[in-house]
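Notes for the one structure printed next.
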Protein chains: 2
Amino acid sequence: MTRKESIFREAALLFSEKGYSASSMRDLAERVGIEPSSLYSHIKSKEEILKEICMSCAQDFVDGIKSIDNKDRDALAKVEALVRLHLSITAENPNSIIVFNDEWKHLDTNSLNLFKALRQEYETIFKSILKEGQESGQIRTGSSGIMMNSVISALSWVHQVDGRSSKNYDLSDEMVAFVLASIKS
Amino acid sequence: MTRKESIFREAALLFSEKGYSASSMRDLAERVGIEPSSLYSHIKSKEEILKEICMSCAQDFVDGIKSIDNKDRDALAKVEALVRLHLSITAENPNSIIVFNDEWKHLDTNSLNLFKALRQEYETIFKSILKEGQESGQIRTGSSGIMMNSVISALSWVHQVDGRSSKNYDLSDEMVAFVLASIKS
DNA sequence: GTCTATACGATGATAGAC
DNA sequence: GTCTATCATCGTATAGAC
């Protein structure tokens with residue numbers, strides 16, 4: 001792992017624990033094991049770290065939903081794939097996902113606009129999948145916007161789960177069951 | 001409205017917009033229309049404001065769920081009442097709810113422990129309602145913990161909704177439909 | 001209760017030696 | 001690339017006059 005990778009890795013953990021604004025570059029440097037000023041040989045600013053973390057997650061979600069939507073599956077199968085995509089992205093980098101979920105509002109104006117555009121792109125495809133399911137009769141009637149937000153929101157706590165707490169249940173299967181039941185006709 | 005009320009009101013708005021750590025007492029004083037030092041004639045510290053906001057919301061939820069659980073209703077009716085409770089608390093003070101949801105981790109050790117105890121109390125009752133429904137056959141099998149977290153999480157985006165965006169749908173009714181469908185057998 | 005003045009530690013970031 | 005030294009600013013909070 002390069003020093004730069006280690007900085008981003010520790011930053012994701014630090015920001016996820018204390019929040020972006022309450023995290024200092026001095027904290028971060030200490031965790032990386034260098035002096036604060038040395039961070040700036042690898043990154044331009046604190047905000048650049050946040051941007052990299054948030055944009056990278058957002059891009060993963062957009063790429064994932066596009067790939068799912070391109071395949072020839074019915075709407076419910078697409079939603080199931082969306083749930084598994086969410087779980088898989090979360091499992092891969094839980095700290096980054098916490099930052100992505102909770103700290104994006106601290107992006108500066110330019111990054112924030114890019115971020116919102118990516119989110120818009122994701123939400124538009126998501127809603128079109130739900131509407132497709134409503135037209136085919138697989139998904140119950142109701143506001144697709146409310147369903148979409150509720151589903152996304154329902155998925156956003158899963159980073160809290162560690163291996164131990166899963167007991168007899170597989171988290172992915174349980175979440176698929178929950179989400180599909182909530183929107184099926 | 002007293003000055004103290006106005007401080008808490010503006011603080012809830014400010015913290016909800018910028019997050020607790022990124023909000024300064026100088027910001028807050030400006031919004032209230034006084035000098036920063038004058039805030040301290042009404043409150044002891046910045047953290048005291050956060051504590052008041054978070055604890056007051058937490059208490060509303062605990063009081064609400066206790067009152068619902070005491071009534072003689074079946075499990076699904078209790079869950080429906082929980083959804084409406086959540087919507088009603090959120091509608092009453094959306095800014096405080098955002099702070100309660102997103103900023104509680106910045107409470108100091110003592111407040112944090114109290115906060116977590118209240119959350120624990122809420123979650124224990126919630127899970128017991130779900131289990132009661134599983135035993136009576138109204139609620140499908142599966143992890144009650146996963147269901148509870150998903151339901152709570154699904155409800156936590158509703159503060160984003162303003163009057164305009166509701167179109168032809170009643171948010172409360174849509175959320176009741178979503179949550180009940182997700183857990184029914 | 002509100003003000004002016006201020007204490008004083010923490011903040012993000014830079015300059016320049018090595 | 002890392003360090004020491006430092007800067008300018010902003011952070012919460014207090015003292016004391018009115």
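All figures in this text were calculated on a predicted structure; none of them were measured in a lab. We name chains A, B, ... by the order of the sequence lines, and we start the count at 1 in each one.
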Check against salt bridge (charged side-chain N to carboxylate O under 4.0 Å, His left out), B/Glu135 and B/Lys131:
CA-CA 6 Å; B/Glu135 279 160 25; B/Lys131 283 173 190 159; over 6 Å; no
When you compare the side chain of B/Phe126 with that of B/Asp69, does any pair of heavy atoms fall below 4.5 Å?
no
A/Leu28 and A/Ile7, any side-chain heavy atoms less than 4.5 Å apart
yes
May I have the distance from [X] (atom [atom1]) to [N] (atom [atom2]), rounded to whole angstrom?
{"X": "A/Leu14", "N": "C/dT11", "atom1": "CG", "atom2": "C1'", "value": "14 Å"}
{"X": "B/Asp27", "N": "D/dC10", "atom1": "CG", "atom2": "C1'", "value": "11 Å"}
{"X": "A/Glu35", "N": "C/dA17", "atom1": "CD", "atom2": "P", "value": "19 Å"}
{"X": "A/Leu28", "N": "C/dT11", "atom1": "CG", "atom2": "P", "value": "12 Å"}
{"X": "B/Leu50", "N": "D/dG11", "atom1": "CG", "atom2": "P", "value": "17 Å"}
{"X": "B/Glu30", "N": "D/dG11", "atom1": "CD", "atom2": "C1'", "value": "16 Å"}
{"X": "B/Glu48", "N": "D/dT14", "atom1": "CD", "atom2": "P", "value": "11 Å"}

Please write out each protein N/O paired with an N/O of nucleotides 12-16 of chain C under 3.5 Å, distance rounded to 0.1 Å.
residue: C/dG12; atom: OP1; partner: A/Ser23; partner atom: O; Å: 3.3
residue: C/dG12; atom: OP1; partner: A/Lys46; partner atom: NZ; Å: 3.1
residue: C/dG12; atom: OP2; partner: A/Met25; partner atom: N; Å: 2.9
residue: C/dG12; atom: N7; partner: A/Arg26; partner atom: NH1; Å: 3.1
residue: C/dG12; atom: O6; partner: A/Arg26; partner atom: NH2; Å: 3.3
residue: C/dA13; atom: OP2; partner: A/Tyr40; partner atom: OH; Å: 2.9
residue: C/dA13; atom: OP2; partner: A/Lys46; partner atom: N; Å: 3.0

Pick the closest DNA chain D nucleotide for A/Ile34 and for B/Ala22 by heavy atoms, then say which residue is nearer the 5' end.
A/Ile34
CZ of B/Arg31: more than 12 outside heavy atoms within 6.0 angstrom?
yes
Would you say B/Ser111 and B/Asp108 are linked by a side-chain donor-acceptor pair, where the criterion is simply a distance under 3.5 Å?
yes
Answer yes if the ring centres of B/Phe115 and B/Phe100 are under 6.0 angstrom apart, and no otherwise.
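Here the rings of B/Phe100 and B/Phe115 have centres that are less than 6.0 Å from each other.
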